[in-house]
Amino acid sequence: MTENIAQNQKHLWWKNAVVYQIYPKSFQDSDGDGVGDIRGIISRLDYLKELGVDAVWISPMYCSPQNDNGYDISDYQDIDPMFGTLSDMDELIAESGKRGIRIIMDLVLNHTSDEHRWFEEAKKGKDNPYHDYYVWRDGEEGVYPNDMKAVFGGSAWEWVPELGQYYFHQFAPEQPDLNWENPKVRREIYDMILWWMDRGVGGFRLDVIDQIAKEPDRGITNNGPRLHEFLRELSKETFQKGNLITVGEAWGATTEIAKKYSAPDGSEFSMVFQFEHMMLDQQDGKEKWDLAPLPFVQLKKCLARWQDALFQKGWNSLFWNNHDLPRIVSRWGNDGRYRVESAKMLAAVLHGMQGTPYIYQGEELGMTNVKFSDISKYRDVETTNMYYERIEAGYAKADVMRSIYAKSRDNARTPMQWSKEPNAGFTKGTPWIAVNPNYAEINVEEERKDPDSVYQFYRSLIRLRKEYPVFVDGKFELLLPEDEHIFAYTRTDKDTQMLVCANFTEETVSCPLLRQWGSAGVLIHNYAGKLGEELKPFEVVILVARR
Ligand code: TEU
């Protein structure tokens, strides 16, 4: 362990931390097969160190048939050959440690791959010791146990003729759900986690963790009655034996539920990813593909409600992006004329709030959504299933493509843009998914040289968080809550007050706060020159004053 990490251990290190997410298939290829790998990540650790992040969450690299890009695991205790070997993984942990960076593994505990040994055994017979590792119902071919649907389309039940039974899957049929009611399943999982902890892993992100305590007969998928009982046991048996960061993915979390997950006594997790703010730009009660404009005032109020509710009672994660979400600059900023300004504004607004910020690979460059002309260029199972379902249901192709351009998960999954070299320096081979054609302009090489780049702005934000404790501890207060353009808030601790003031639109607007704060010091600003009393398109400033 490096001194860097040892020092952090004195307190809850993850409250000061900034986390970077790597989608390993798309980060850096080292062997020319067109798929990113562990040796590629190792070769970029100095870049991450320069950026200043404390931990790296890597999407799953375990053995997997890749029906859902690794979120379908066939062996939790080995690395998929596509990504490298266990010894590469050990080296990654060691090399990261030398740079003061911890590795966060992605745990998919709700389901396995149908190629996992447990499932292959489970299918052999009702009396096989592994049968009860999964969720089965007797039945008749063609008559589903109930009408529950899978997230990636179709019924949540899959027929196995040899057994005369259906198994339950909340995602693809190749992702059978584990039966958490079975204590043997839970023990296997804990042992596996302890095994990774022994290898030096610094934390875990827990995939769809709110869906493990399902009760399909009652139509319950998330927030099942036994959820928090399971989580407390999980945490006690594993995480609490280390000084880890743990973050659960919980689409169904409310502020009340999040207080349980992230209780300061550490009985469950450090924090959760909640998605309330991420579901605002879709039509009520419909799917994410059914687009609606962002209700800006609601966005502010939603974020503010989470800030208030968890203050000293839990802990927030802060994110705009991940491997399932479209690129934020295309989504709520402007990926044309104001790309740089709006990417910086979104960054400052997010990093100024209380919580642990997560940066998704390429976000620090202001990477944008992609528009492939044809569905054959898309790789994501959710996107392609939806396309064919909707085309069959009679939707116009142009409308379906419009939804894909706005919301497809592949927007986030195009390769990391390192340089102007062919394929953005991501691979010397043919990338598994095409590179965004804008890589010649948006890439690491250019942005490292440019003092005004989005990348340099992110570096400064990360540095400021380390310098000013008010970023970590200050109480949040939303200002001008009804304003249709300005997102402004203060953060206040015993001796410092900080103002984050942003124009979320491309109109120039006057801002009363700027005069009031006239004498305060500027911590960061995304326009050159002096601050006026107006905010230019996507202008953002963070000011600080002593109290
Ligand atoms: O995502 C959880 C989840 O519910 C997503 O399917 C979400 O609904 C969708 O991405 C919205 O577009 C997690 C992982 O992050 C995702 O990559 C996996 O596909 C999924 O679990 C299944 O493991």
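Whatever order the structure lists them in is the order used to number ligands and atoms, beginning at 1. Computed from heavy atoms alone, side chains included, the values below leave out hydrogens, waters and symmetry copies.
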Tell me the protein heavy atom at minimum distance from [atom], and give that distance in Å.
| atom | value |
| --- | --- |
| atom 10 (O) of ligand 1 | Arg409 NH1, 3.1 Å |
| atom 6 (O) of ligand 1 | Phe171 CE2, 3.5 Å |
| atom 13 (C) of ligand 1 | Asp207 OD1, 2.8 Å |
| atom 12 (O) of ligand 1 | Lys288 NZ, 2.3 Å |
| atom 9 (C) of ligand 1 | Glu382 OE2, 3.5 Å |
| atom 22 (C) of ligand 1 | Asp68 OD2, 3.4 Å |
| atom 7 (C) of ligand 1 | Trp251 CZ2, 3.7 Å |
| atom 2 (C) of ligand 1 | Val208 CG1, 3.1 Å |

Cationic N near anionic O, under 4.0 Å, [X] to [Y]:
| X | Y | value |
| --- | --- | --- |
| Asp54 | Arg102 | no |
| Glu120 | Arg117 | no |
| Glu237 | Arg187 | yes |
| Asp335 | Arg327 | no |

Please identify which atoms of ligand 1 are closer than 4.0 Å to at least one heavy atom of [X].
| X | value |
| --- | --- |
| His111 | 22 (C), 23 (O) |
| Glu249 | 1 (O), 2 (C), 13 (C), 15 (O) |
| Arg413 | 17 (O) |
| His323 | 14 (C), 15 (O), 16 (C), 17 (O) |
| Val151 | 6 (O), 8 (O) |

Hey, what's the ring geometry for [X] with [Y], parallel, tilted or perpendicular (30° and 60° as the breaks)?
| X | Y | result |
| --- | --- | --- |
| Trp320 | His277 | tilted |
| Tyr76 | His116 | tilted |
| Tyr360 | His323 | tilted |
| Tyr458 | His351 | perpendicular |

Margin query: Does any N or O of ligand 1 fall below 3.5 Å from an N or O anywhere on Gln211, backbone included?
Written below: no
For ligand 1, is there an atom lying under 4.0 Å from some heavy atom of [X]?
| X | result |
| --- | --- |
| Glu287 | no |
| Arg205 | yes |
| Gln170 | no |

Here the pair of heavy atoms bringing Gln211 nearest to Asn110 is O-OD1, 3.0 Å
When every non-hydrogen atom of Gln28 is compared with those of Ser43, the smallest separation belongs to CG-OG, 3.9 Å
(request) Indicate yes or no for a side-chain donor-acceptor contact from Asn67 to the backbone of Asp72 under 3.5 Å, with no hydrogens or angles considered. (result) no
